[in-house]
Structure formats: structure tokens, C-alpha cells
2 protein chains.
Amino acid sequence: MRSTGDLTASALIRDAAMRLFADRGTAAVSVRDIAAEAGVSPSLVIHHYGSKDALKDAVDQHVMQFFGDMIAEFVDASAADLGAAANSSTLAARLGDGPFLRYLRRLLVDGGPAAERLFRSLYDMSREMVRRYEQAGVFKPSSDEGARAAVLLVNDLGVILLRDQISAVVGVDPLGPDGLVRWSQAVLDLYANGLMTSPGDDRAND
Amino acid sequence: MRSTGDLTASALIRDAAMRLFADRGTAAVSVRDIAAEAGVSPSLVIHHYGSKDALKDAVDQHVMQFFGDMIAEFVDASAADLGAAANSSTLAARLGDGPFLRYLRRLLVDGGPAAERLFRSLYDMSREMVRRYEQAGVFKPSSDEGARAAVLLVNDLGVILLRDQISAVVGVDPLGPDGLVRWSQAVLDLYANGLMTSPGDDRAND
DNA sequence: CGCCCGGCTGAACGAGTGTGCAATAATCGG
DNA sequence: CCGATTATTGCACACTCGTTCAGCCGGGCG
């Protein structure tokens with residue numbers, strides 16, 4: 001019942017479930033697995049959350065709360081100073097190696113109402129960002145702000161979703177300390193200069 | 001045993017498994033579900049593939065073959081004419097609404113050796129594309145071709161991974177007939193012109 | 001015709017699943 | 001200290017899982 005530094009049992013269970021769900025997917029994790037990971041009995045898991053589905057809902061809500069707070073904080077900070085906090089680097093660094101990003105991946109791919117609400121929040125944030133930057137003259141005006149915001153959002157989320165693949169194949173974790181600067185530079189170069197020699201050219205991408 | 005128009009039973013089972021795996025994830029699909037979807041008995045599934053894991057391997061291999069062929073064809077076509085076939089639009093349109101893209105999503109997120117091989121193929125394709133375009137003078141030279149190729153690849157795959165979320169929130173399927181042109185225009189505009197007013201400016205993204 | 005043989009099925013088994021329940025251990029107010 | 005409330009557990013039940021196996025059924029071949 002105490003809310004001190006060490007976690008309560010139900011929080012322990014929730015965090016264990018979050019880790020396992022993120023790594024293996026919800027269906028591949030049993031209540032007994034969660035109990036073992038949390039160091040408690042399977043009965044306690046049910047006693048605290050009622051059912052496995054309810055536990056999943058609690059984990060979803062917890063993750064949503066986390067990202068909701070992060071988004072709000074980020075929007076506020078960028079309202080005060082458009083340039084300072086407004087880059088993905090600090091965001092990603094702050095997220096650290098916690099299980100939140102890995103859970104976010106499952107959440108977005110598995111879908112569901114919670115995922116849709118979260119994605120809507122992120123998209124709204126992206127739109128607001130684009131609007132501010134365009135108004136401030138940092139971004140060129142766009143004929144399709146919605147699409148531009150979506151493309152930028154997909155760019156950021158794509159790194160999170162494909163992090164493991166990129167790490168394995170490219171050889172550098174794009175969200176690690178070293179890979180992050182390399183990735184940011186490539187993205188910044190793209191955003192600042194584009195990549196084609198003749199502006200307004202015909203189509204060409206991979 | 002025949003390879004005519006209507007599929008053989010084992011191919012029927014494989015396709016049913018691919019659909020269900022893509023939609024719900026491997027662990028959430030039972031052999032009985034697959035059998036029902038394919039219209040056969042559960043025993044026949046095991047009889048043809050030995051086990052559920054082996055069936056999943058067969059599905060993986062089938063999908064890998066499909067994308068391998070597509071990649072090879074795409075590289076060949078773009079070698080002949082750099083501009084004509086070298087856009088994602090035709091690729092996505094050719095993939096259509098088949099289950100391959102949905103399965104690709106699960107494959108990339110669940111990881112595993114097959115996914116890593118596929119991602120490596122895609123990354124190699126992206127690198128080769130970037131190299132050709134830079135050499136042809138279509139792309140500006142880059143200080144980090146690897147990172148540039150990775151960013152472009154993530155951009156394309158991100159749309160596939162987040163397709164459902166984008167459809168639900170933005171309101172347009174980015175791989176549908178109408179959404180594709182809107183999405184392509186936004187991406188093309190980004191690639192051609194960048195989005196910041198002062199090239200080489202300081203950091204700014206969402 | 002009889003035979004057999006590969007595709008296919010239904011029933012069954014053991015293991016593992018989520019969950020309910022009674023009993024035990026811990027904690028706290030009096 | 002004691003009673004009570006809460007946290008926690010072991011056990012059991014019903015069910016589903018993947019998988020096995022004996023047998024059915026239709027068609028090609030002697």
C-alpha cells in the first residue's frame with residue numbers, strides 16, 4: 001500500500017507484464033510467466049487485476065499516461081522555446097532504454113482503441129509543431145500541412161518501430177548515444193536541404 | 001498436387017495461416033483457427049507441415065520469396081531506367097491489398113532471422129538506389145550514404161507499419177489510390193526541397 | 001474386379017492455459 | 001496483546017492448445 005521508493009506488488013506485476021508483453025507480444029505471455037517475472041504467485045496477478053485482459057488494459061493505460069505526460073511536457077517546453085527542446089534527440093534520450101518504447105511498438109502494430117488515441121495525440125502534436133514552425137518562418141509553407149505532419153511523424157515512429165532491425169543490419173543503434181547523432185544528422189540534412197539536386201524535380205525515391 | 005489456377009490444399013492452408021498470422025500475430029492464432037479459415041481439418045494442417053512452427057517457417061519462406069522476387073525485379077527495372085519504375089507508388093500499387101504487407105508488418109516487429117535477412121535485402125536495395133542516384137547527379141552527394149539510405153528506407157517502411165493508424169487518424173489510407181498521391185507529393189516535396197527556409201540551419205524537427 | 005495408396009478426417013491425449021476458492025501469512029488499529 | 005482486515009498462496013477446475021493415431025474414402029493400376 002505504500003507509495004515509497006520500492007514498488008508495490010501490483011506495480012511490480014504491471015511492470016513485469018509490460019516488459020514481457022513488449023518483448024513477446026500479449027498472446028505469447030502467460031499469467032504464470034508474468035507472475036514468475038514479478039516474483040509472485042499467479043493467483044496474485046488475478047487478485048490484483050481481475051483477469052489477464054484487465055491487466056493488459058492497465059498496462060496500456062499506464063503506458064498511455066506516460067506518453068501523455070511526455071507529450072504535454074514536450075508541447076509546453078516547445079511553446080516556450082521553439083528550438084531548444086524541440087528535437088527528437090532529447091526525447092529519445094529521455095525515454096532511455098526503458099520498456100516504454102518497446103511496448104509502444106507492440107501497441108501501434110497490434111492496434112486497438114488505445115493505440116489509436118495515442119497515435120492521434122502524436123499526430124496532433126506533429127501538426128501543431130508544423131503549424132508553429134511554418135508560422136515562425138522556420139519551415140517553408142506547405143500546401144498540405146496534414147500530410148507533411150504525418151510524414152514527419154512516420155519518420156520518427158519508424159525509427160522506434162524498426163530500431164532492432166536497424167541495429168542489426170546497419171550496425172548502429174539509431175537510438176543509442178552514438179547512433180542518435182548520426183541519425184539526427186542525416187534527418188536534419190534531409191529536412192534542411194532535401195536530397196535532390198534540382199528542386200521541383202520529378203519523382204525519385206526508393 | 002496440381003499447380004493450376006485453384007490452389008492445392010497445402011497452399012490454401014499456407015495462405016490462410018498468412019492472413020491470420022498477419023492480422024492477429026502468430027501466438028494468437030491456433031491450428032484450429034487456421035484449419036477453419038482454410039476449410040479443412042486441423043489434422044491436415046499438421047499432416048502437411050508437421051507442426052505449427054514449421055508452418056510459420058513455411059509462411060515466412062513464402063513471404064520472403066515474394067519480396068525477394070519483387071526486390072530483384074525492382075532493382076532490374078530501375079537499372080534500366082532510373083526514373084520510370086523507381087518510385088514507391090508503383091511498388092505499393094502492385095502489392096495491392098494482399099496480405100503480404102500486413103504480414104511484413106508482423107515479420108519486422110516480431111524480429112527473427114528471416115526478418116533480419118529481409119530487412120538487409122531492403123537496406124541493400126536502398127543503399128544501391130542512393131548510390132546510383134548520387135552518381136547520376138539526381139541526389140546531392142551525402143557525407144553519410146548509409147544513414148541516408150536508412151532514413152529513406154524507414155520512411156517507406158514506416159508507412160507500411162503505421163498504415164492502419166494513419167488511415168484511422170488522418171482519415172486517408174496512405175497506400176490507397178487517393179492517399180498514395182497525397183502522401184507521395186508530401187514525400188517528394190520533402191525530398192526535393194527540404195522543409196526549412198534557411199538551409200544548413202540549426203536543429204528543428206518534431 | 002480387387003487392391004492399395006495418398007489425401008483427409010474424427011476422436012483422443014497430455015500439457016498448459018486463465019481463473020475461482022479456501023486457507024495461510026502479514027500488517028495494523030484497538 | 002488481540003481481532004480484523006488485507007496481502008498472498010496452493011490447489012483444483014474447466015478449457016484450449018498442439019499433436020498423434022487409427023481409420024475413411026476415392027481414384028489409378030494390376
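None of these values were measured; they are calculated from a predicted model. Numbered from 1 within each chain, the chains take letters A, B, ... in sequence-line order.
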- Within a strict 4.5 Å, meaning less than it, do heavy atoms of the A/D60 and A/F21 side chains meet? no
- In whole angstroms, the gap separating C1' of D/dG18 from CD1 of B/I13 amounts to 15 Å
- Nearest-nucleotide pick for A/H47, side chain only, options being C/dG18, D/dT19, D/dT8: D/dT8
- Item | Residue A/S41, side-chain heavy atoms: nucleotide from D/dT19, C/dT9, D/dT9 that is nearest | D/dT9
- Nucleotide nearest A/I46 (side chain, heavy atoms from C-beta), chosen from C/dT19, D/dT20, D/dT8: C/dT19
- Query: How many Å lie between NZ on A/K52 and P on C/dG20, as a whole number?
  - Reply: 15 Å
- From CA spacing to verdict: salt bridge (charged side-chain N to carboxylate O under 4.0 Å, His left out), B/R105, B/D110: CA-CA 9 Å; B/R105 184 168 47 180; B/D110 286 351; over 6 Å; no
- What's the spacing between A/E116 CD and A/S121 OG if we round to 0.5 Å? 11.0 Å
- Contact class for A/V29 vs. all strands (heavy atom < 4.0 Å): base, sugar-phosphate, or nothing? sugar-phosphate
- Query: Of the nucleotides C/dT9, C/dG20, D/dG18, which has the atom closest to the B/R32 side chain?
  - Reply: D/dG18
- Item | Test log, rule side chain to side chain donor-acceptor pair (under 3.5 Å), inputs A/D57 and A/Y49 | CA-CA 9 Å; A/D57 290 344; A/Y49 292 95; over 6 Å; no
- Task: Round to the nearest Å and state the distance from A/H48 atom NE2 to D/dA7 atom P.
- Result: 6 Å
- Item | Shortest side-chain distance from A/L44, nucleotide among D/dT19, C/dC8, D/dT9 | D/dT9
- Between B/S43 and C/dT9, does any side-chain N or O lie under 4.0 Å from OP1 or OP2? no
- Quickly work out the A/R24 CZ to C/dT17 P distance and round it to whole Å. 10 Å
